[in-house]
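See structure below.
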Amino acid sequence: MSTGSTASSDDGFITQLSYLLTLSRPRFWLYLAGPVLVGVAYAANTTSELFAPAAVVLFAYFLVPGNVFLYGINDIYDREIDTANPKKETKEARYRGQQIVPFAVAVCALLPLALVPFIPTAAWPWLVGFLVLGAAYSAPPIRFKTTPLLDSVSNGLYIMPGAAAYAAVAGTQPPTLAAVGGWLWAMGMHTFSAIPDIEPDRKTGIETTATVLGESRTYAYCGLVWLASALAFGMLDPRLGALMLVYPGLIGLLVSSSVAVDRAYWWFPAINTVVGAALTMGGLWRLLHG
């Protein structure tokens with residue numbers, strides 16, 4: 001009897017763990033962890049700094065716990081909205097009130113406190129900013145995600161892991177143009193990702209930048225924001241600006257083709273991984289070749 005009970009308990013734990021991993025959107029893990037790699041690559045002055053304790057713990061946190069926090073709190077407060085969202089039936093997990101979710105979110109929100117001994121003070125504002133914006137985006141009373149334009153602007157939180165990593169390794173804040181360019185990129189990425197949700201959001205009475213603009217004007221908004229991002233990066237380094245032009249270029253390609261946006265949406269994890277890898281390799285080339 002006890003053996004069967006133990007096996008059942010183990011199965012239950014594995015099921016809950018599997019659910020949390022699905023909830024954390026593995027396809028998007030590198031949206032938080034990837035900027036850490038980029039930040040470290042450009043901050044390091046020696047190869048040993050690439051593996052500094054701060055760099056390692058930040059990457060580990062933003063690879064999984066940071067995503068559990070961010071998407072867990074989103075799913076908790078989107079429970080009613082998500083009943084009309086088809087993504088929750090296939091590629092994502094639907095929150096149904098499982099008690100493990102708020103517990104996991106709380107643990108992941110508090111986990112950075114354990115990282116404090118490893119993280120220089122220059123990085124702390126970025127960590128705090130990530131947690132504050134991550135909560136305020138989804139949770140009342142602020143709930144940025146239901147306020148057009150602020151839903152887009154607040155998603156600059158996705159660059160904060162990279163900025164924290166840069167500050168932790170370099171001991172100084174990242175270049176302003178890099179922060180501006182990254183923030184604009186994140187704004188465009190968030191609003192583009194909201195296009196497939198326009199109809200589900202409208203059905204549930206949720207207003208976002210995408211629902212207000214509609215699909216065609218949201219394409220234009222994303223294209224302009226991404227063009228401004230490329231300009232900011234280009235002012236820092238023309239090669240960076242040229243690389244970031246891939247995003248407004250993709251908007252032009254989608255608008256002129258018959259590809260459905262809800263299909264193209266799932267291409268972007270791979271596209272962002274390739275662009276992030278190129279940025280990282282550029283930073284490593286700078287480190288190795290001066």
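The structure displayed is predicted, hence computed values, not measured ones.
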Residues Gly129 and Met160: closest non-hydrogen pair is C-SD, 3.3 Å
In sequence, state the C-alpha distance, the side-chain angles, and the governing distance for Phe233 and Leu243, and then conclude on side chain to side chain contact (heavy atoms under 4.5 Å, CB included). CA-CA 9 Å; Phe233 277 114; Leu243 176 62; over 6 Å; no
Test your reading of the model: is there a side-chain donor-acceptor pair from Trp226 to the backbone of Gly249, 3.5 Å cut-off? no
Taking the side chain as every heavy atom from C-beta outward, state whether Leu50 and Leu284 have any atom pair closer than 4.5 Å. yes
Side chain to side chain contact (heavy atoms under 4.5 Å, CB included) between Val259 and Trp267: does it pass, once the steps are laid out? CA-CA 11 Å; Val259 177; Trp267 297 348; 3.5 Å; yes
Can you label the angle between the Phe28 ring and the Tyr265 ring as parallel, tilted or perpendicular, going by 30° and 60°? perpendicular
Is Pro35 close to Tyr158 at the side-chain level, that is, under 4.5 Å between some pair of heavy atoms? no
Minimum heavy-atom distance between Pro65 and Ala60, given as atom pair plus value: CD-O, 3.3 Å
For a 4.5 angstrom cut-off between non-hydrogen side-chain atoms, does Arg25 reach Asn74? yes
Please list, one pair per line, the donor and acceptor atoms closer than 3.5 Å that link side chains of residues 171-188 to other protein atoms, with sequence neighbours excluded.
residue : atom : partner : partner atom : Å
Gln173  : OE1  : Trp126  : NE1          : 2.6
Gln173  : NE2  : Ala122  : O            : 3.0
Trp183  : NE1  : Val153  : O            : 2.8

Hydrophobic cluster membership, Val128 vs Val107, 4.5 Å side-chain cutoff: no
Reported OH-to-CD1 distance for the pair Tyr71 and Ile76, which is rounded to 0.5 angstrom: 15.0 Å
Chi angles and distances behind the ring-ring contact (aromatic ring centres under 6.0 Å, His included) call for Phe144, His190: CA-CA 12 Å; Phe144 284 128; His190 164 267; over 10 Å; no
Gly72 and Val101 have their tightest heavy-atom pair at O-CG1, 4.0 Å
Return yes if some donor-acceptor pair links the side-chain N/O of Asn155 with the main-chain N/O of Met189 below 3.5 Å, else return no. no
Validation row: Leu127, Ile119 side chains within 4.5 angstrom (heavy atoms): yes
Sidechain N-carboxylate O distance under 4.0 Å for Lys145, Asp201: no
When rounded to the nearest 0.5 Å, the distance separating CG of Asp197 from CD1 of Ile206 is 11.0 Å
Please confirm whether the backbone N or O of Val225 pairs with a side-chain atom of Ser229, one donor and one acceptor, at under 3.5 Å? no
Under a 3.5 Å distance rule, please check whether Arg202 uses its side chain to pair with a backbone N or O of Thr211 as donor and acceptor. yes
Please output the side-chain donor-acceptor pairs of residues 217-224 that fall under 3.5 Å, not counting sequence neighbours, one pair per line with the distance.
residue : atom : partner : partner atom : Å
Arg217  : NE   : Leu213  : O            : 2.9
Arg217  : NH2  : Leu213  : O            : 3.3
Thr218  : OG1  : Gly214  : O            : 2.6
Tyr221  : OH   : Ser152  : OG           : 2.8

Is there side-chain contact between Val261 and Leu254, with at least one heavy-atom pair below 4.5 Å? no
Transitive ILVMFWY side-chain link Phe62 to Leu110, under 4.5 Å: no
Does the side chain of Glu49 come within less than 4.5 Å of Leu287's, by heavy atoms? no
Below 4.5 Å, heavy atoms only, C-beta onward: do Leu32 and Phe130 meet side chain to side chain? yes
Which atom names give the shortest non-hydrogen contact between Pro117 and Ala114, and what distance separates them? CD-O, 3.4 Å
For side chain to side chain contact (heavy atoms under 4.5 Å, CB included), just list the numbers for Phe192 and Ile251, CA-CA rounded to whole Å, side-chain angles, deciding distance to a tenth of an Å, and then say yes or no. CA-CA 9 Å; Phe192 179 84; Ile251 289 294; 3.9 Å; yes
Give a yes or no on whether the backbone of Asn272 and the side-chain of Tyr31 come within a donor-acceptor separation of less than 3.5 Å. no
Scanning both residues in full, the closest heavy-atom pair of Asn67 with Ser24 reads CB-O, 3.5 Å
I need the Leu17 CG to Thr22 OG1 distance, nearest 0.5 Å. 9.5 Å
Does Ser138 reach the main-chain N or O of Ala135 with its side chain, forming a donor-acceptor pair under 3.5 Å? no
Find out if a path of hydrophobic residues (ILVMFWY) with successive side-chain heavy-atom gaps under 4.5 Å connects Val274 to Trp266. no
Could you grab the distance from atom OH of Tyr61 to atom CG of Leu115, nearest 0.5 Å is fine? 8.0 Å
Using 0.5 Å steps for rounding, measure from the CG atom of Leu23 to the CG atom of Leu70. 10.0 Å
Set out, in order, the CA-CA distance, both residues' side-chain angles and the distance that settles side chain to side chain contact (heavy atoms under 4.5 Å, CB included) for Leu288 and Thr47, then state yes or no. CA-CA 8 Å; Leu288 296 174; Thr47 54; 3.9 Å; yes
Measure from the side-chain N and O atoms of Tyr42 to the backbone N and O of Gly283, and report whether any donor-acceptor pair falls under 3.5 Å. yes
Between Ala109 and Pro112, which heavy-atom pair has the shortest distance, and what is it? O-CD, 3.2 Å
Do Leu111 and Leu58 belong to the same hydrophobic cluster, where Ile, Leu, Val, Met, Phe, Trp and Tyr are linked whenever their side-chain heavy atoms lie under 4.5 Å apart, directly or via other members? yes
Taking the side chain as every heavy atom from C-beta outward, state whether Leu21 and Trp29 have any atom pair closer than 4.5 Å. yes
Nearest 0.5 Å please: distance from the OG1 atom of Thr191 over to the CG atom of Asp151. 6.0 Å
Indicate, with yes or no, if Phe268 and Leu227 share a hydrophobic cluster defined by side-chain heavy-atom contacts under 4.5 Å among Ile, Leu, Val, Met, Phe, Trp and Tyr. no
